[in-house]
Amino acid sequence: MPSLKPIHPLRTLQDLCESNYRKLRRLIPGLRQLESGAVALQNGQPALHVRLLEKAPFTLTLELSYCFDHGPQPLFEPALRLRVYLDAGMVEVLEDAERPPLRIRGPVDRQVLEHKWQMNYFLDKWLDHCLQRGYRFSADDRPKAATANL
């Protein structure tokens, strides 16, 4: 990812997380009712998968990914693991398939903030892309119980 340096990284990171929440709610209108996972299809585009990993009263942990069926095994990319803060109206990228989760030991420094900002900036642009392409999840997109494991 390119190195982008926001003027006020903490404020900008918070703005990104709030913006990403609003975009994710447009992409998944039934976000609070999500029980397992869902697939959104758009003509000629890869299937967009969302999978619920954890559900708590005020947070959800999701995996959002395209599914590419170009080979013997489906490829799920970018496989972003997201934490959704329902009470705060924010979404934070926890990790992606390419990088291990960031282990924070001690005070958060500029390098950690920049890493978080880059990951959330990527999510911001990807959500824009998905919404512009017409992807939307609805109750009809939810897989049946036998196929809930995406």
Side-chain angles (χ1 to χ4, degrees), residues 1-4 6 9-104 112-150:
M1 282 184 214
S3 180
L4 301 170
L10 186 58
R11 192 182 106 231
T12 305
L13 179 59
Q14 181 177 341
D15 292 344
L16 271 174
C17 292
E18 290 170 351
S19 172
N20 287 342
Y21 179 80
R22 289 187 300 272
K23 291 174 185 180
L24 190 67
R25 290 294 309 260
R26 285 181 31 223
L27 185 66
I28 312 170
L31 183 62
R32 290 176 182 264
Q33 291 77 37
L34 193 64
E35 291 298 326
S36 60
V39 178
L41 302 172
Q42 192 59 20
N43 290 336
Q45 303 292 318
L48 184 61
H49 288 243
V50 63
R51 185 168 57 123
L52 179 66
L53 303 175
E54 182 181 319
K55 190 172 192 172
F58 302 107
T59 61
L60 303 173
T61 305
L62 308 174
E63 185 175 87
L64 187 64
S65 184
Y66 280 135
C67 178
F68 298 95
D69 286 325
H70 301 294
Q73 295 280 46
L75 175 65
F76 291 90
E77 286 289 337
L80 294 181
R81 189 172 298 231
L82 310 174
R83 173 77 34 86
V84 181
Y85 300 93
L86 300 167
D87 54 343
M90 299 174 77
V91 174
E92 173 186 22
V93 177
L94 300 176
E95 65 181 299
D96 70 352
E98 297 297 315
R99 288 162 212 65
L102 195 59
R103 303 284 185 228
I104 301 173
V112 170
L113 283 177
E114 184 171 331
H115 173 81
K116 286 177 165 278
W117 190 84
Q118 288 176 355
M119 297 294 291
N120 286 283
Y121 183 75
F122 173 79
L123 176 62
D124 179 69
K125 295 304 171 192
W126 187 39
L127 289 172
D128 282 343
H129 172 82
C130 291
L131 291 166
Q132 289 169 0
R133 296 285 182 276
Y135 285 102
R136 297 291 186 286
F137 289 93
S138 70
D140 296 337
D141 299 325
R142 293 186 196 137
K144 307 296 182 245
T147 61
N149 296 329
L150 303 176

Can you check whether [Y]'s main-chain N or O pairs, donor with acceptor, with [X]'s side chain at less than 3.5 Å?
X: Asn120; Y: Val93; answer: yes
X: Gln42; Y: Arg133; answer: yes
X: Asp96; Y: Met119; answer: no
X: Lys55; Y: Ser36; answer: no
X: Ser65; Y: Glu77; answer: yes

**Report entry** N-O pairing of Arg83 and Glu92 below 4.0 Å
**Finding:** no

Atom pair [atom1]/[atom2] of [X] and [Y] - distance to nearest 0.5 Å:
X: His129; Y: Lys23; atom1: NE2; atom2: NZ; result: 13.0 Å
X: Tyr135; Y: Leu41; atom1: OH; atom2: CG; result: 8.0 Å
X: Ile28; Y: Leu60; atom1: CD1; atom2: CG; result: 9.0 Å
X: Gln118; Y: Leu13; atom1: CD; atom2: CG; result: 11.5 Å
X: Met90; Y: Ser19; atom1: CE; atom2: OG; result: 11.0 Å
X: Thr61; Y: Glu54; atom1: OG1; atom2: CD; result: 4.0 Å

Query - pair Pro78-Phe122: side-chain heavy atoms closer than 4.5 Å - result: yes

Query raised in the report: How far apart are the C-alpha atoms of Tyr21 and Leu86, what are their side-chain angles, what is the distance that settles it, and do they pass the side-chain contact (heavy atoms from CB on, under 4.5 Å) test?
Result: CA-CA 9 Å; Tyr21 179 80; Leu86 300 167; 4.2 Å; yes

Query raised in the report: Can you list the steps and then say if Leu52 with Leu62 is a side-chain contact (heavy atoms from CB on, under 4.5 Å)?
Result: CA-CA 5 Å; Leu52 179 66; Leu62 308 174; 3.6 Å; yes

Query raised in the report: Within a radius of less than 6.0 Å around CD of Gln73, do more than 12 heavy atoms belonging to other residues, nucleotides or ligands occur?
Result: no

Query raised in the report: Should the pair Phe68 and Tyr66 be assigned to parallel (<30°), tilted (30 to 60°) or perpendicular (>60°) ring geometry?
Result: perpendicular

Query - Which atom of Trp117 lies closest to which atom of Leu16, heavy atoms considered - result: NE1-CD1, 3.3 Å

Report task. Report the C-alpha distance between Leu131 and Arg136 in whole Å, list the side-chain angles of each, state the deciding distance to 0.1 Å, and finish with yes or no for side-chain contact (heavy atoms from CB on, under 4.5 Å). Result -> CA-CA 7 Å; Leu131 291 166; Arg136 297 291 186 286; 3.5 Å; yes

Query raised in the report: Pick one: which of Leu34, Leu48, Leu31, Leu24 meets side chain to side chain contact (heavy atoms under 4.5 Å, CB included) with Phe137?
Result: Leu48

